Amino acid sequence: MSRQNIYDNDLFFDRFRSSRNSEVNFNDCIETPILFSMLPDLHGKTILDIGCGMGQHAKQYSDMGAKAILAIDISEKMLTYAREYNSADHIVYQRMAMEDIRAIGQQFDLVTSSLAFDYIEDFGGLMSSIYLLMADDAKLVFSMSHPMVTAWDGSCDRYTRTESGERLHANVVNYCVEGRRVVHWVVDGYECYHRTLATLINDMIKAGFNIEECQESHISDDMRKQYPDLFGGTIHRPEFIFFRCGKR
Ligand SMILES: C[S@@+](CC[C@H](N)C(=O)[O-])C[C@H]1O[C@@H](n2cnc3c(N)ncnc32)[C@H](O)[C@@H]1O
């Protein structure tokens, strides 16, 4: 089964790090506030953070009172950064692919993931593995790219624009064709997986989950007006989708 590790590519990592650490970015302005609004109380909880990246969320979970956090990622560069800048006594950063998480063999109170499930080929299999790693009253809270965003193949601009470059509408390409998408994003050969919304929902249900909450990303008109180049497209489509699930 294919598992790309693009974040260990020097150019890709440098570009991601500088965008993730910039003052105004999609993670801090859009993704994190919505994801965190869906979390249960973290005091005394054990947490598995899948695709933890540079560890910003794991550090925040620790600051919010979590008892123990296992934060895994496939990228050594991301983990090196996380260990250097986002360490805490309660956090263990471990190199592991999400395809292999069944081997962890322990149960958590919360499984969480930010924008990493775009990279899993077998989403249904991942849901079943996560289910096994959750205590009976545990929650799964995660974000990923919205299916309207992954429905693109690089064959055209992501937006249809006016002559002056203003975005008129989003281009959705082959929404009904699921599977791997290989596009140019910073580097050639960037891979992610597109699934329809129905597939995501049905895979969660088949794994045994109750979907308790779903959100699509949004941002205020003020922010859109203040940063039109960065956030102008968010009026046409939600960038991210979020779910909170419990065990049935
Ligand atoms: C968009 S980044 C998000 C990082 C972090 N969660 C955040 O919010 O900044 C996606 C992360 O998923 C990781 N990743 C990609 N494929 C993976 C896999 N198969 N197993 C584990 N982690 C993976 C990448 O290395 C990267 O750190």
Side-chain angles (χ1 to χ4, degrees), residues 1-20 22 24-32 34-35 51 53 74-75 113-124 126 142-203 214-221 223-243:
M1 204 166 281
S2 159
R3 48 177 85 169
Q4 189 183 51
N5 180 6
I6 199 85
Y7 290 78
D8 271 350
N9 174 293
D10 287 337
L11 175 62
F12 196 89
F13 174 76
D14 285 346
R15 200 66 79 75
F16 180 81
R17 182 184 51 189
S18 85
S19 131
R20 184 74 170 88
S22 62
V24 181
N25 62 62
F26 274 81
N27 302 74
D28 295 331
C29 297
I30 301 183
E31 194 269 345
T32 304
I34 298 174
L35 185 94
I74 199 171
S75 159
S113 179
S114 284
L115 307 179
F117 292 173
D118 299 20
Y119 303 109
I120 187 81
E121 185 172 359
D122 180 7
F123 182 78
L126 178 68
F142 70 93
S143 65
M144 62 193 299
S145 292
H146 197 284
M148 283 184 69
V149 170
T150 51
W152 187 69
D153 61 4
S155 63
C156 58
D157 190 339
R158 283 191 172 272
Y159 296 91
T160 297
R161 299 172 187 264
T162 62
E163 272 180 19
S164 58
E166 193 191 334
R167 298 168 180 96
L168 283 174
H169 55 78
N171 293 322
V172 172
V173 181
N174 292 343
Y175 178 88
C176 299
V177 182
E178 298 191 303
R180 195 155 63 114
R181 299 285 165 109
V182 185
V183 300
H184 178 89
W185 187 37
V186 182
V187 294
D188 283 338
Y190 170 88
E191 294 177 8
C192 67
Y193 291 87
H194 168 69
R195 284 162 278 255
T196 65
L197 185 56
T199 294
L200 295 177
I201 290 172
N202 289 328
D203 280 349
C214 173
Q215 294 225 28
E216 295 174 303
S217 57
H218 44 81
I219 194 164
S220 68
D221 290 341
M223 285 293 280
R224 229 182 338 256
K225 279 182 196 136
Q226 211 178 334
Y227 303 100
D229 287 348
L230 197 56
F231 298 133
T234 60
I235 191 110
H236 295 299
R237 59 167 201 202
E239 206 74 23
F240 311 123
I241 193 161
F242 304 75
F243 291 98

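Remember, it's a predicted structure, so these values are computed and weren't measured experimentally.
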With side chain to side chain contact (heavy atoms under 4.5 Å, CB included) as the criterion, how do I241 and C214 come out once you've worked through the C-alpha distance, each side chain's angles and the decisive distance to 0.1 Å? CA-CA 7 Å; I241 193 161; C214 173; 4.0 Å; yes

Once rounded to the nearest 0.5 Å, what's the spacing between atom CG of L230 and atom CD1 of I30? 7.5 Å

What orientation do F142 and F117 show, parallel under 30°, tilted 30 to 60°, or perpendicular over 60°? tilted

Distance only, no hydrogens: is a donor on one side chain within 3.5 Å (strictly under) of an acceptor on the other, for S75 and D8? yes

Is there side-chain contact between T234 and S217, with at least one heavy-atom pair below 4.5 Å? no

Answer whether the closest heavy-atom distance between the side chains of C156 and V173 falls below 4.5 Å. yes

Where D28 and S22 come nearest, the two heavy atoms and their spacing: OD2-O, 4.4 Å

Is it true that a side-chain atom of T162 and a backbone atom of E166 form a donor plus acceptor pair closer than 3.5 Å? yes

Is V24 close to C29 at the side-chain level, that is, under 4.5 Å between some pair of heavy atoms? yes

Just by modelled atom types, is the F242 backbone N or O under 3.5 Å from a matching donor or acceptor in the S143 side chain? no

Straight-line distance of R3 CZ to E121 CD, nearest 0.5 Å: 10.0 Å

What pair of heavy atoms forms the shortest contact from L197 to P147, and how long is it? N-CG, 4.0 Å

Hey, can you tell me if Y175 and H194 have their rings parallel, tilted or perpendicular (30° and 60° cut-offs)? perpendicular

Mark yes or no for whether D203, through its side chain, and F123, through its backbone, hold a donor-acceptor pair below 3.5 Å. no

Kindly assign one of parallel, tilted or perpendicular to the pair Y190 and F12, based on the angle between their ring planes and the thresholds 30° and 60°. parallel

Of all heavy-atom pairs between V183 and G154, which one has the smallest distance, and what is that distance? CG1-N, 3.9 Å

Side chain Q4, main chain G189, donor-acceptor under 3.5 Å: yes

Which value, rounded to the nearest 0.5 Å, describes the distance between M144 atom CE and Y193 atom OH? 12.0 Å

Say you draw a straight line from OG1 of T150 to CG of N174; how long is it, rounded to the nearest 0.5 Å? 11.5 Å

Can you name the nearest heavy-atom pair linking R167 to D229, along with the distance? NH2-O, 2.8 Å

Of all heavy-atom pairs linking Y159 and N171, the shortest is C-ND2, 3.2 Å

Which residue pairs pass the salt bridge (Lys or Arg N to Asp or Glu O under 4.0 Å) test when at least one of the two sits in residues 168-189, sequence neighbours left out? R180-E191

Centroid separation F16 to Y7 less than 6.0 Å: yes

Gap separating the CG atom of N202 from the CZ atom of R195, nearest 0.5 angstrom: 13.0 Å

What's the shortest heavy-atom distance between L168 and H236, and which atoms? O-CE1, 2.9 Å

L115 side, atom CG; L35 side, atom CG - distance, nearest 0.5 Å: 8.5 Å

Just jot down the salt bridge (Lys or Arg N to Asp or Glu O under 4.0 Å) partners of R224, sequence neighbours excluded, or say none. D221

